[in-house]
Amino acid sequence: MNRRVRVRFAPSPTGPLHMGGVRTALYNYLFARKHGGDFLLRIEDTDSHRFVPGAEEYILESLKWCGITIDEGVAEGGPHAPYRQSERREIYLQYAMQLIGSGDAYYAFDSAEELDALRAEYEARGEMFAYNFAVRGKLKISLNMSAEEIKRRIDQGETWVIRFKMPENELVEMDDLIRGRVVVNTSTLDDKVLYKSADSLPTYHLANIVDDHLMEISHVIRGEEWLPSLPLHYLLYRAFGWSSTQPEFAHLPLLLKPTGKGKLSKRDGDKMGFPVFPLLWKGADGEVSRGYREDGYFPEAFINMLALLGWNPGVEQEIFSMEELINLFSLEKVGKSGSRFDPEKAKWFNSQYLRMKPDEELAELYMPVLEGHGINTDKAVVTRVVGLIKERATFVSDFWGLSSYMFTAPTEYEAKAKDKFWKGENPARVAELRGILAGVADFSKENTEHVVHEWMVAKEYPMGQVMNSFRLAIVGQSMGPSMFEICEIIGKDETLARLDKALAVLG
RNA sequence: GGCCCAUUCGUCUAUCGGUUAGGACGUAAGAUUUUCAUUCUUAAAAGAGGAGUUCGACUCUCCUAUGGGCUACCA
């Protein structure tokens, strides 16, 4: 069977999209592109209670920022529209009814309170309550009722749910593209709810299978948290008679927190100082969660880092463009165990992408920052400065701290550098250097370097001492690129002014 | 508790029975540099434990341990 590759990313709009979700979307996207297939976005909003306004928009914007393009979805439309499950509600009931008709499902009239009481009762006895074949006999379900009673209850407006009738003691053999064969005995499973009359909405399990079938999904690539419900899904495909076109499954390992136990959660980011969301999120409760985008990460770096968390092409290369990821991607190379996220490596990826960016592009990003500091300079100058400092930066936001002295004179002098270099003959030599530079007409770095070197050699001055005290006077601290480079950029007048100021302030 | 999945340096990982177990992040040392950073070199750093199978096991099987997930009228 060689069918067209069609995959979907099916998030639930219950909050901002977590970076683990972005990775799932990414792997789906890479797989689709690699095989020339389709990538669909389906919104699974079948839980009316957990719906969060703005979450869907957030998901869409996140994927867009990441460069993950959608072929069919809520915004794009497509042959299987609508792609929002709440807009497909009338579809699901008929399928649930089909299962009732075939005997694979039944009505259950137990109230939530009754079930809670039952669970509490079991727990008190130290047992776990499972809604399965063992207890069906004593529950208020259609299997124990006459057709008249069922009809009467429904007609009277009792709320009901439709549950899957999980077979007893049957082995379900499943194949996962990442984990291989998995076998589960159905007796360990329970009768999951498929449809709720209270809000006329299906649960995930029903909606998911029906939609994947209707939308002709060929591969389901999702998080490992779904592995336990895979037998149910297999059985559902079988009950509907869709086994022959059932998609293949791949369950992705989870993302774990950098330290400690458990999977990566929103709290970790706040606590350990890194984003867990692609974009900044402002919750209705006023809570704000930082995002990779707002923290200054380039989407390419974020994607590159995420792609390698749980997948590896087996080559020693670390930096990959989206195109390269698409060409190299394969589910066989996805790891089986959870991956701990390392914020330090995320930063490293960003620094790599930062230095790969053209200086001019970075200058455009830096200009608004400079304007914020009241500096309006020529873009050519900014471009040149960026070229000199970008190898020391991780984010564009590091630029100001690394180059403010290129645009404005230092207001203070670093104490440590002062103690180290502003001593002995050095102040006098700097004063002498001021005189030398005042007489130089051509302030190009080649020329000033030549002149100053001649002078130091002639006077037999120690270069390290002179240059460092010179740097302290101009920069205010012990850092930065070549002094002659700096002088050329700030110009002769500014150079002399700063020397005068340093001589006056430092004594 | 039950069920399922997993287990190579601190972290991400390569290895698909025979390797000095490789790379990257981070860490440390050294070199380069007028300073800082970069860059370069080097170092420390791993097959959870125990049984098998095999001439040979990180690689296959089983057990244990540990980690993770699921166990809702949530996804």
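Residue numbers start from 1 in every chain, and the chains themselves are labelled A, B, ... in the order their sequence lines are given, proteins ahead of strands.
Of all heavy-atom pairs spanning A:Trp311 and A:Leu325, the tightest one is CZ3-CD2, 3.7 Å.
Considering only side-chain atoms of A:Glu316, the nucleotide from B:rG23, B:rA14, B:rG67 that sits closest is B:rG23. Set against B:rU38, B:rC4, B:rA14, the side chain of A:Glu391 has B:rU38 as its closest nucleotide. Set against B:rC3, B:rC73, B:rA6, the side chain of A:Val184 has B:rC3 as its closest nucleotide. Listed nucleotides: B:rC74, B:rU35, B:rU34. Nearest to the side chain of A:Lys196: B:rC74. For A:Thr188, the listed nucleotide lying nearest its side chain is B:rC3; candidates were B:rC5, B:rC3, B:rC73.
Base pairing annotation: B:rC25 forms a Watson-Crick or G-U wobble pair with B:rG10, both donor-acceptor distances under 3.5 Å.
With hydrogens and angles ignored, no donor-acceptor pair closer than 3.5 Å exists between the side chain of A:Arg179 and the base of B:rC5.
Between the side chains of A:Glu432 and A:Trp455, at least one donor N or O lies within less than 3.5 Å of an accepting N or O.
Proximity of the aromatic rings of A:Tyr292 and A:Phe302 is defined here by a centroid distance below 6.0 angstrom, and this criterion is met.
A straight line from CG of A:Asn185 to P of B:rC70 spans 22 Å, rounded to a whole angstrom. Protein atom CD of A:Gln317 is 16 Å distant from nucleotide atom C1' of B:rG22, rounded to whole Å.
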